[in-house]
Amino acid sequence: MARTDHVLITCEHGGNRIPPRYRPLFAGFEALLHTHRGYDPGALGLARELAEALAAPLFFSTTSRLLIDLNRSVGHPSLYSEATRSAPVAVRREILEKHYLPYRDEVEAHIAAAIARGSRVIHLASHSFTPVLDGEVRNADIGLLYDPARPGEVELCRRWQARLQAQARELKVRRNYPYTGRSDGFTAYLRRRFPAGVYVGIELEINQKHVLHGGRRWRTLQDLVIEALHPAMMEC
């Protein structure tokens, strides 16, 4: 990793908490909060491990994405969920101003300040994905999402993937799967704000089957992700 690199970790879907003020909106949707729709199981735990291992700042939210999705742009159809999109305009605006903009603005300001100091920022966003979606089995253990048009992101993900597979050949590590790195998301937004030479945004996606299995298997996977990342960054 270059001496001027600044690493930060984020976790947009770290929990399924609903602030008391908005709980009436979730009448009938309580069970949904405990599914993959409500949060990303394991994502915050891994984000904490990454932040500690890399001595990196961590930004996270434990409010459910079903209140408002911090990984979606304003205007995106999924910004609000079925529980909140029919709320009065004033309520949705309040949710945006109290729970969405402060998080996004803080992360963006942190990145801008690091760049102003002369650093290149490596932003790792920790997420997890459900093993089966709409009847389709997701064929990966780990996904690395990036923009193919940004060389720094391509190179880091290529090296990270190679290191992971060299350490654990049984793991299926795929790039831009189960989503594409250029899809709407916080990293995609930040790429529009900061040039490729100073901002590298990667979304790390872990299959939730490892999280739900827990125990040594999940602990080992977290260690592998971190151990493979260190040399991958050193080489970029």
Side-chain angles (χ1 to χ4, degrees), residues 8-51 57-108 110 123-134 136 138 143 145 178-179 181 183-190 201-214 218 222:
L8 79 147
I9 315 298
T10 68
C11 183
E12 286 69 48
H13 303 147
N16 59 0
R17 184 179 65 86
I18 298 297
R21 172 169 170 74
Y22 307 112
R23 286 175 189 166
L25 297 174
F26 285 81
F29 296 102
E30 294 89 350
L32 196 60
L33 289 166
H34 299 283
T35 71
H36 71 93
R37 291 283 313 283
Y39 72 117
D40 284 0
L44 182 54
L46 180 52
R48 292 187 193 278
E49 296 290 335
L50 283 164
L58 170 63
F59 298 86
F60 66 93
S61 172
T62 58
T63 299
S64 176
R65 67 198 300 177
L66 293 175
L67 183 72
I68 190 166
D69 195 332
L70 302 180
N71 202 39
R72 291 289 172 257
S73 297
V74 173
H76 191 278
S78 298
L79 178 67
Y80 297 99
S81 72
E82 55 265 53
T84 55
R85 68 172 59 104
S86 60
V89 172
V91 173
R92 283 184 279 126
R93 168 58 60 177
E94 178 182 290
I95 292 170
L96 183 81
E97 292 178 349
K98 289 187 175 181
H99 297 279
Y100 178 92
L101 293 177
Y103 178 88
R104 302 261 299 206
D105 290 349
E106 184 180 17
V107 174
E108 184 175 347
H110 181 89
H123 170 199
L124 304 175
S126 180
H127 295 271
S128 66
F129 62 93
T130 183
V132 181
L133 183 65
D134 298 330
E136 179 184 349
R138 260 66 179 279
L145 313 187
Y179 313 103
S183 299
D184 181 71
F186 198 13
T187 54
Y189 163 81
L190 290 167
I202 308 297
E203 288 186 74
L204 170 63
E205 291 276 359
I206 301 292
N207 193 318
Q208 290 168 10
K209 68 182 182 182
H210 297 287
V211 182
L212 298 176
H213 187 278
W218 172 224
Q222 292 179 81

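All figures in this text were calculated on a predicted structure; none of them were measured in a lab.
Residues in residues 58-76 take part in these salt bridge (charged side-chain N to carboxylate O under 4.0 Å, His left out) pairs, two or more places apart or across chains: Asp40-Arg65, Arg65-Asp69. Applying the salt bridge (charged side-chain N to carboxylate O under 4.0 Å, His left out) definition to pairs two or more places apart or across chains, those involving residues 16-26 are Arg21-Glu94. The list of salt bridge (charged side-chain N to carboxylate O under 4.0 Å, His left out) pairs with a residue in residues 25-35, not counting sequence neighbours, is empty. Within the structure, ring pair (Phe, Tyr, Trp, His ring centres under 6.0 Å) pairs that include any residue of residues 26-48 do not occur (at least two apart or interchain).
Considering every non-hydrogen atom in both Ser64 and Gly38, the closest pair reads OG-O, 2.8 Å. When all heavy atoms are compared, the tightest approach of Pro178 to Glu205 is CD-CB, 4.3 Å. The minimum heavy-atom distance linking His110 with Pro57 is given by the pair NE2-CG, 3.5 Å. Between Ala87 and Leu25, the closest heavy-atom pair is CB-CD2, 4.1 Å.
Note that OH of Tyr100 and CZ of Arg93 are 11.0 Å apart. Values are rounded to the nearest 0.5 Å. Summarising the geometry, atom OG belonging to Ser61 is positioned 11.5 Å from atom CG belonging to Asn71; distances are rounded to the nearest 0.5 Å. Note: Ile9 CD1 to Leu124 CG = 4.5 Å, rounded to the nearest 0.5 Å. The structure places CD1 of Ile68 at 9.0 Å from NE2 of His99, a figure rounded to the nearest 0.5 Å. Going from atom CZ of Arg92 over to atom OG of Ser86 covers 8.0 Å, rounded to the nearest 0.5 Å. For the atom pair Leu58 CG and Ser126 OG, the distance stands at 9.0 Å (nearest 0.5 Å).
Residues Pro131 and Arg138 are not in side-chain contact: their nearest non-hydrogen atoms beyond the backbone lie 4.5 Å or more apart.
Shown here are the side-chain hydrogen bond (donor to acceptor under 3.5 Å, both in side chains) partners of Ser183, two or more places apart in sequence or in another chain: Thr180. With sequence neighbours excluded, no residue forms a ring pair (Phe, Tyr, Trp, His ring centres under 6.0 Å) with Phe186. Legend: residues meeting side-chain hydrogen bond (donor to acceptor under 3.5 Å, both in side chains) with Ser73, ordered by chain and number and at least two apart, are Asp184. Listed by chain and number, the residues in a salt bridge (charged side-chain N to carboxylate O under 4.0 Å, His left out) with Arg37 are Glu82 (sequence neighbours excluded). With sequence neighbours excluded, the residues forming a side-chain hydrogen bond (donor to acceptor under 3.5 Å, both in side chains) with Thr187 are Glu203, listed by chain and number. In terms of the side-chain hydrogen bond (donor to acceptor under 3.5 Å, both in side chains) criterion, Tyr80 has no residue partners (sequence neighbours excluded). Contacts of Glu136 classified as side-chain contact (heavy atoms from CB on, under 4.5 Å), with partners at least two apart in sequence or in another chain: none.
Side-chain N or O atoms of Thr10 include none that pairs as donor or acceptor with a backbone N or O of Phe59 at under 3.5 Å. A donor-acceptor distance shorter than 3.5 angstrom exists from the side chain of Thr84 to the backbone of Leu67, with no hydrogens or angles considered.
A cation-pi arrangement is present between Arg104 and Tyr189, with the terminal nitrogen or guanidinium carbon under 6.0 Å from the aromatic centre and inside a 45° cone about the axis.
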Could you give me the CA-CA distance, side-chain angles and deciding distance for Asn207 and Phe129, then say whether side chain to side chain contact (heavy atoms under 4.5 Å, CB included) is met? CA-CA 5 Å; Asn207 193 318; Phe129 62 93; 3.6 Å; yes

With side chain to side chain contact (heavy atoms under 4.5 Å, CB included) as the criterion, how do Thr63 and Tyr103 come out once you've worked through the C-alpha distance, each side chain's angles and the decisive distance to 0.1 Å? CA-CA 11 Å; Thr63 299; Tyr103 178 88; over 6 Å; no

Take Lys98 and Tyr22, measure what side chain to side chain contact (heavy atoms under 4.5 Å, CB included) needs, and give me the verdict at the end. CA-CA 12 Å; Lys98 289 187 175 181; Tyr22 307 112; 4.3 Å; yes

Please walk me through it: do Val107 and Leu8 pass side chain to side chain contact (heavy atoms under 4.5 Å, CB included)? CA-CA 9 Å; Val107 174; Leu8 79 147; 4.1 Å; yes

What pairs of donor and acceptor atoms, side-chain ones from residues 43-50 against any protein atom, are under 3.5 angstrom apart with sequence neighbours left out?
residue : atom : partner : partner atom : Å
Glu49   : OE2  : Arg219  : NH1          : 3.4

